[in-house]
Number of protein chains: 2
Amino acid sequence: MSPTHTGVTAAPAALDPCGREEHPDCAIRDVLDRVGDKWSVLVVVELAGGPRRFRELQRAIDGISQRMLTLTVRRLERDGLVLRTVYPTVPAQVDYRLTETGASLTHLVRALADWSLTHRDAIAEARHRYDRAHPDHGIR
Amino acid sequence: MSPTHTGVTAAPAALDPCGREEHPDCAIRDVLDRVGDKWSVLVVVELAGGPRRFRELQRAIDGISQRMLTLTVRRLERDGLVLRTVYPTVPAQVDYRLTETGASLTHLVRALADWSLTHRDAIAEARHRYDRAHPDHGIR
DNA sequence: CTGTATCCGGAAAGATACTG
DNA sequence: CAGTATCTTTCCGGATACAG
């Protein structure tokens with residue numbers, strides 16, 4: 001029961017989000033680095049509704065720049081989450097759709113959204129309380 | 001069936017990860033901004049194993065700086081995911097533990113980890129294929 | 001021990017112009 | 001339409017010093 005949990009069963013092990021805890025590269029970090037950036041999830045969410053063309057994505061996502069959309073879909077393509085199809089028409093036409101792997105991500109996204117919806121009010125309250133208690137704290 | 005899905009039922013709506021699609025502030029983005037940063041998840045993961053003191057967290061997380069740990073736990077505290085308790089001993093002693101809300105996050109984290117474990121090989125392969133096909137592409 | 005306060009370098013993001 | 005190429009700005013994260 002020592003606070004430094006020297007006993008084998010004293011402290012429950014933390015979650016092991018990694019395949020092998022010996023391994024330094026954490027599995028969770030992998031997902032997060034892939035999905036945790038500003039735009040990837042929104043692209044996946046949009047593509048969950050079916051194939052979309054470049055401009056459709058850009059219009060749907062609101063606020064994303066051409067550059068960021070390009071980078072985002074490229075990364076998703078590279079990771080095998082999104083399939084990019086070019087039709088040799090003129091002007092060029094490209095569509096993006098989720099692969100099997102990418103589609104399996106929508107479950108996670110939905111779980112994320114559910115959690116967020118469930119707790120957003122509690123979180124907003126907590127923030128207000130904190131901000132009132134610590135007026136000039138520069139936390140973002 | 002037109003590619004621009006002008007029909008009402010032509011294209012399945014994308015996932016709605018937001019409470020009200022009218023609302024601009026997306027729920028998912030909220031979670032992601034909170035949880036998608038470099039360290040928050042690792043802190044939550046560690047705290048899932050029980051309360052930890054500042055130094056314990058820092059030692060456990062490996063690579064995190066004092067500054068980043070402070071910022072991370074402060075944000076988590078502000079959002080009501082982590083409870084910070086100060087014991088007026090000398091030297092000061094502080095412990096952090098998950099709140100109810102914070103604990104509920106561990107489910108998501110586990111889901112994230114599971115997904116990652118399941119697909120990491122496929123993703124690694126996809127990357128190698130992509131990188132072989134597009135040798136000098138500067139994608140990260 | 002548990003932080004706060006600065007400073008700084010580099011990566012990410014945004015804006016914009018241009019091309020096939 | 002679907003990008004690429006640049007340039008600029010912003011901000012995250014590390015290092016360090018110091019304080020309660």
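Throughout, a chain's letter reflects where its sequence line sits, starting with A, and its residues are numbered from 1.
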Novice: With heavy atoms under 4.0 Å as the rule, sort A:Y96 into base, sugar-phosphate or nothing.
Specialist: sugar-phosphate

Novice: Looking only at side-chain atoms of B:T70, point me to the closest of D:dC1, C:dT4, C:dA13.
Specialist: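 Nearest nucleotide to the side chain: C:dT4.
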
Novice: Is B:R53 close enough to C:dG3 that one of its side-chain N or O atoms is under 4.0 Å from OP1 or OP2 there?
Specialist: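 So the side chain of B:R53 is outside the cut-off, no N or O lying under 4.0 Å from OP1 or OP2 of C:dG3.
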
Novice: Starting at CG of A:D62 and ending at C1' of C:dG14, how long is that distance when rounded to a whole Å?
Specialist: 14 Å

Novice: Distance from A:E125 atom CD to A:H119 atom NE2, nearest 0.5 Å?
Specialist: 12.5 Å

Novice: Is A:R55 near enough to D:dA2 that one of its side-chain N or O atoms lies under 4.0 angstrom from OP1 or OP2?
Specialist: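 A:R55 to D:dA2 OP1/OP2: no side-chain N or O under 4.0 Å.
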
Novice: Starting at CG of A:L69 and ending at P of C:dA12, how long is that distance when rounded to a whole Å?
Specialist: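 Answer to the nearest Å: 18 Å.
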
Novice: Which nucleotide in the list C:dG20, C:dA17, C:dG3 gets nearest to the side chain of A:Q66?
Specialist: C:dA17

Novice: Scan A:S65 against the nucleic acid and name what it touches under 4.0 Å (heavy atoms): base, sugar-phosphate only, or nothing.
Specialist: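 Contact class for A:S65: none.
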
Novice: Under 4.0 Å between a side-chain nitrogen and a carboxylate oxygen: does that hold for A:R97 and A:D95?
Specialist: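 The answer is yes: the pair qualifies as a salt bridge.
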
Novice: Kindly compute the distance separating CZ (A:R59) from CD (A:E46), expressed to the nearest 0.5 Å.
Specialist: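 Answer for the CZ-CD pair, A:R59 versus A:E46, is 11.0 Å.
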
Novice: Mind calculating the distance between CD (A:E56) and P (D:dC1) to the nearest angstrom?
Specialist: 10 Å

Novice: Looking at the side chain of A:R74, which of D:dG3, C:dG3, D:dC1 is the nearest nucleotide?
Specialist: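 So the nucleotide nearest the side chain must be D:dG3.
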
Novice: Considering only side-chain heavy atoms of B:M68, which listed nucleotide, C:dA13, C:dT2, D:dG13, is closest?
Specialist: D:dG13

Novice: Tell me the interatomic distance from A:Q58, atom CD, to D:dG3, atom C1', rounded to whole angstroms.
Specialist: 10 Å

Novice: Which whole-number value in Å describes the distance from B:L32 CG to C:dA12 P?
Specialist: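 Going from CG in B:L32 over to P in C:dA12 covers 17 Å.
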
Novice: Just by modelled atom types, is the A:R55 backbone N or O under 3.5 Å from a matching donor or acceptor in the A:Q58 side chain?
Specialist: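 Side chain of A:Q58 to backbone of A:R55: no pair is present.
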
Novice: Please report the distance, rounded to the nearest Å, between CZ in A:R75 and C1' in C:dA11.
Specialist: 11 Å

Novice: Starting from P on D:dA5, measure out to CG on A:L71 and report it in whole angstrom.
Specialist: 11 Å

Novice: Establish whether the base of C:dA13 is bridged to the side chain of A:R67 by a donor-acceptor pair shorter than 3.5 Å.
Specialist: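 Donor-acceptor pair under 3.5 Å: yes.
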
Novice: Mapping A:K38 and A:A92 onto DNA chain C by nearest heavy atom, which one lands closer to the 5' end?
Specialist: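 Taking each residue's closest nucleotide, the earlier one in sequence belongs to A:K38.
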
Novice: Please give, in whole Å, the distance from D:dC1 C1' to A:D95 CG?
Specialist: 13 Å

Novice: I would like to know whether B:R127 and A:D79 meet salt bridge (charged side-chain N to carboxylate O under 4.0 Å, His left out); could you show each step before the answer?
Specialist: CA-CA 5 Å; B:R127 284 193 178 181; A:D79 289 342; 2.5 Å; yes

